[in-house]
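Residue numbers begin at 1 in each chain, while the letters A, B, ... track the order of the sequences. Just the heavy atoms: all of them, side chains too, but no hydrogens, waters or symmetry mates, feed the values below. None of these values were measured; they are calculated from a predicted model.
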Number of protein chains: 2
Amino acid sequence: MLQVSERAHYGLRAMTELAKAYGDGPLTLNKIAEVEHMPAGYLEQLAMPLRRAGLIEGRRGAHGGYQLARDPASVTIGSIMRALEGPVAPVECLTEQYVVGTCEREIGCASQGFWQRMKLVVDQAMDSVTLADLCAPGMNGAFIPLSQITQVSRSPSDDVCAPVGMGEQTI
Amino acid sequence: MLQVSERAHYGLRAMTELAKAYGDGPLTLNKIAEVEHMPAGYLEQLAMPLRRAGLIEGRRGAHGGYQLARDPASVTIGSIMRALEGPVAPVECLTEQYVVGTCEREIGCASQGFWQRMKLVVDQAMDSVTLADLCAPGMNGAFIPLSQITQVSRSPSDDVCAPVGMGEQTI
DNA sequence: CACAATCACTACTCCACAAGTAGGGAATAA
DNA sequence: TTATTCCCTACTTGTGGAGTAGTGATTGTG
């Protein structure tokens, strides 16, 4: 569940490429697509919303390409994800277009608070990491198979649990 | 982005109905579907995985129906969501079926750590709330339009931010 | 200038999957 | 023995994600 789209995944990877090349002049979409093994034509569609969000700048013509509009340390993953996929909105009543009164459960809704918290937590997680963090040397080479992760996270099948705190942040 | 499926939404609402009726004998699917305005035939499909996950018990025949298998306070939202939609896995390398070596970016992947953290944070959020929490009297009648929520969460367009703590848990 | 390179934009196809429908058992109380 | 309800499988349908295609607009270079 909560799988991110290929679109967002491509977009994030493209942005990390641009972050790595920050300060070295523009990078062409073809180059990025080649390095990251993604269809160039599709990547082109992702560049548009990123540019409109003010995250990247395009330059046309020979020796053109894209480059980050800002320092990688000031570009959060959240801003990238929202540019590509819109705001986090697990349920309809948490979208921006939602008009109050549409949902007949609105009064006395038992779960809205939960989804609202979900949105908050996800936004915070995304906004607390920047492109610079992702490209930091220490991040690389640290692939962790799920078997080791589940010791930290909860196993999918054990259910009974009391509310837990956040724990220390390790990123 | 990160919209939950209608399936999960239906399932969660059905579970809250069962939680409210906990101890009062079984509730029929037709009754739940009627109260929550969802197609009964579809709800039937959701009951199966919930039963197999040990969350609810079915009883056939006249005066049959479903009831929670455990106290609502011991049923986390996470267990419900996972039963309906499988484990949280934003990217493929965080699924349980993932075989190490499939992703060619595995060595030196810049973003795996981020998605792993995302999964952790979501799992924790879901596992820190129970059906009893959702059905607590204080929860009801507290609908909050997004316009008020965004003062707490981050606005979609402001990006620069340092890592933030979790803050107090309010659910 | 001509031309190649590259972004910028729109429209279209294709297909997997979510959402919902249909129908036929099997168990159980009255 | 009948109505009721869960249990299970198979099918249909619509939508949106993923990707392709084609046509400008702009810009550096020979």
Which nucleotide wins on minimum distance to the side chain of Arg51(B), given the candidates dT21(C), dA5(C), dC7(D)? dC7(D)

Check every atom of dA8(C), dG20(C), dA29(C) against the side chain of Tyr66(A) and return the nucleotide holding the closest atom. dA8(C)

Using whole Å, what does the distance between atom P of nucleotide dC7(C) and atom NZ of Lys31(A) come to? 13 Å

Would you mind telling me which of dT5(D), dT20(D), dC7(C) lies closest to the side-chain atoms of Leu29(A)? dC7(C)

Whichever of Gly41(B) and Thr28(A) has the more 5' nearest nucleotide on DNA chain C, that residue is Thr28(A)

Does a side-chain N or O of His63(A) approach OP1 or OP2 of dT29(D) to a distance below 4.0 Å, or not? yes

Among the nucleotides dG25(C), dC7(C), dG19(D), whichever has the atom closest to the side chain of Arg60(B) is dG25(C)

Distance check needed: dG16(D) C1' versus Glu85(A) CD, whole Å only. 12 Å

From CD of Gln67(B) across to C1' of dT5(D) the rounded distance in Å is 14 Å

Can you find a side-chain donor-acceptor pair between Ser74(A) and Asp71(A) that sits under 3.5 Å? no

Closest to side chain of Met48(B), choosing from dA18(D), dC8(D), dT10(C): dC8(D)

So which atom in Ala69(A) and which in Glu57(A) form the shortest heavy-atom distance, rounded to 0.1 Å? CB-CG, 3.9 Å

Euclidean distance, atom CD of residue Glu34(B) to atom P of dT5(D) [Å, nearest integer]: 12 Å

Spacing between Tyr10(B) atom OH and dA18(C) atom C1', to the nearest angstrom: 11 Å

Rounded interatomic separation in angstrom, taking CD from Gln45(B) and C1' from dA19(C): 9 Å

When every non-hydrogen atom of Gly54(A) is compared with those of Arg70(A), the smallest separation belongs to O-NH1, 3.8 Å

Close side-chain approach of Met126(B) and Met1(A), heavy atoms under 4.5 Å: yes

Looking at dA27(C), I'd like to know if its phosphate oxygens (OP1 or OP2) sit under 4.0 Å from a side-chain N or O belonging to Arg59(B). no

Is it the case that the side chains of Glu17(B) and Tyr66(B) hold a donor-acceptor pair, with the cut-off being a distance below 3.5 Å and no angle test? no

Expressed in angstrom and rounded to an integer, what is the separation of Arg52(B) atom CZ from dT9(D) atom P? 7 Å

Starting from C1' on dC8(D), measure out to CD on Glu44(B) and report it in whole angstrom. 9 Å

